[in-house]
2 protein chains.
Amino acid sequence: MRYEAAVGKLRGCGYKATPQRLAVLSAILAGRHQGLEEIRARCPEVGMVTVYRTLDLFTGLGLVRRLDLGHGPRYELAEDHHHHLVCEDCGSIKEFERCPVDLRSLPRVGGDFEVRAHSLEVYGRCSDCR
Amino acid sequence: MRYEAAVGKLRGCGYKATPQRLAVLSAILAGRHQGLEEIRARCPEVGMVTVYRTLDLFTGLGLVRRLDLGHGPRYELAEDHHHHLVCEDCGSIKEFERCPVDLRSLPRVGGDFEVRAHSLEVYGRCSDCR
DNA sequence: GCTCTAATTGAAAGATTTTTTCATCTGCAA
DNA sequence: TTGCAGATGAAAAAATCTTTCAATTAGAGC
């Protein structure tokens, strides 16, 4: 129940669960790594300003992850760790779960860096474009 | 001689080595992962439109890499493979060379994806912010 | 339930960023 | 040199994002 958990976190942090916020949350849940336009289209009753503010809020709470895969920001629910395969030709995006990053081999750059998260995007050509 | 190599590639692809393009190239070479403002400040004699167009051109040629580390696009010369440590508090960016990604363990998602490149960003808190 | 209040919303205006247009200019091949 | 396809840039337009502020509302407390 991803929806309930997200609402719970929202409330738990002292924020009101307004219809607008729930609508944006549902919009995000209804797709994967969507751009602003897509999200807005799924909740046209919510004002633009509120969508921006809500995405900022969700991102700040760690509820939502903001992706930069080119062509503007995209958003997805921040739950399971996964990465993206981005096709440089058609722009399609696929996900994969198996994380090929070995964080233990991270060098210590200029002292101690506290690692909190990482993002990996793999670029190339998808099977359809070949 | 990163500069010469880049100019060679530019010419080799049939593009003119105009003073503006060389100025933008020098600007990129003068720093690391710079934003548009920084680059523009280093070549104020070049018109804004041309900077945009030139960065697009360089990126398309694979001469320059466009980074999305939050807070707008950044650009750097696409030469040696490296990744970034981004401090979520102060926004500082450090680089590291040792690549902790094992591409062999990439799963085949929906058939054959031809991997051309990948980008890894590690987020957290830098030593200064702790 | 009902009331009250601080949090939230959204229309409009403003700021910023990026793109398009098109007349003019220029790098460079011949 | 010369010619011209490619390149530039000022201005305008378009797209994107933020601020403002009056009106609304979720939800705590009674």
Side-chain angles (χ1 to χ4, degrees), chain A residues 3-28 33-61 63-75 91, chain B residues 3-28 33-76 91:
Chain A
Y3 181 84
E4 303 301 345
V7 176
K9 175 143 188 184
L10 189 61
R11 281 220 170 84
C13 291
Y15 293 97
K16 294 181 181 175
T18 66
Q20 290 90 340
R21 283 174 179 163
L22 301 183
V24 172
L25 178 59
S26 296
I28 295 171
H33 37 71
Q34 301 174 84
L36 259 162
E37 279 191 25
E38 278 171 281
I39 293 174
R40 286 248 282 145
R42 289 191 202 269
C43 51
E45 75 279 12
V46 181
M48 176 190 61
V49 186
T50 299
V51 172
Y52 277 110
R53 275 188 298 221
T54 301
L55 288 174
D56 277 355
L57 175 66
F58 286 178
T59 304
L61 288 177
L63 231 50
V64 158
R65 198 181 294 138
R66 179 194 165 114
L67 307 170
D68 290 293
L69 307 175
H71 311 289
R74 288 164 178 275
Y75 299 87
Chain B
Y3 180 86
E4 304 301 346
V7 176
K9 173 142 189 185
L10 188 61
R11 282 218 170 84
C13 292
Y15 293 97
K16 294 180 180 174
T18 66
Q20 291 92 338
R21 284 175 178 162
L22 301 183
V24 172
L25 178 59
S26 296
I28 294 172
H33 37 70
Q34 301 174 83
L36 259 161
E37 278 190 27
E38 278 171 283
I39 293 174
R40 286 248 281 144
R42 290 192 201 271
C43 52
E45 76 279 12
V46 181
M48 175 192 59
V49 186
T50 299
V51 173
Y52 277 109
R53 274 189 299 223
T54 303
L55 289 174
D56 277 355
L57 174 67
F58 286 178
T59 304
L61 288 177
L63 230 51
V64 157
R65 197 180 294 140
R66 180 194 165 113
L67 307 170
D68 289 293
L69 307 173
H71 312 288
R74 289 163 177 278
Y75 299 86
E76 66 182 16

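Order of the sequence lines sets the chain letters (A, B, ...), proteins ahead of strands, with each chain counted from 1. Quick note: numbers below take in every heavy atom, side chains included, and nothing from hydrogens, waters or symmetry partners.
We find that CD of A:E45 is positioned 12 Å from P of C:dA11, with the value rounded to whole Å. Residue B:M48 contributes atom CE, which lies 9 Å from atom C1' of D:dA10 at whole-angstrom precision. Residue A:L22 contributes atom CG, which lies 13 Å from atom C1' of C:dT8 at whole-angstrom precision. The separation between B:L61 atom CG and D:dA7 atom P is 10 Å, rounded to whole Å. In this structure, the OH atom of B:Y15 is 17 Å from the P atom of D:dA5, given to the nearest Å. Summarising the geometry, the separation between CG on B:D56 and C1' on C:dT20 is reported as 13 Å, rounded to the nearest angstrom. In this structure, B:Y52 atom OH and C:dT16 atom C1' are separated by 9 Å, rounded to whole Å. For A:E38 and D:dT16, the CD to P distance is 13 Å, given to the nearest whole Å.
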What do the steps show when you test B:L10 against B:L57 for side-chain contact (heavy atoms from CB on, under 4.5 Å), and what is the final call?
-> CA-CA 9 Å; B:L10 188 61; B:L57 174 67; 4.0 Å; yes

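For D:dT8, the OP1/OP2 oxygens have a side-chain nitrogen or oxygen of B:T18 closer than 4.0 Å. Distances shorter than 4.0 Å separate some side-chain N or O of B:T50 from OP1 or OP2 on D:dG9. Remark: A:Q20 is in phosphate contact with C:dG10, judged by side-chain N or O atoms under 4.0 Å from OP1 or OP2. Residue B:R11 places at least one side-chain N or O closer than 4.0 Å to OP1 or OP2 of C:dC28.
Taking all atoms of both residues into account, the shortest heavy-atom contact from B:R42 to B:A27 is CD-O, 3.5 Å.
The residue A:R53 sits close to a base: some heavy atom pair falls under 4.0 Å.
Annotation: of the two residues near DNA chain C, B:P73 and A:G14, the 5′-most nearest-nucleotide partner is A:G14. With the nearest nucleotide of DNA chain C identified for both B:K16 and A:G47, A:G47 has the one nearer the 5' end.
A donor-acceptor pair under 3.5 Å links the side-chain atoms of B:R21 to the main chain of B:K16, judged by distance alone.
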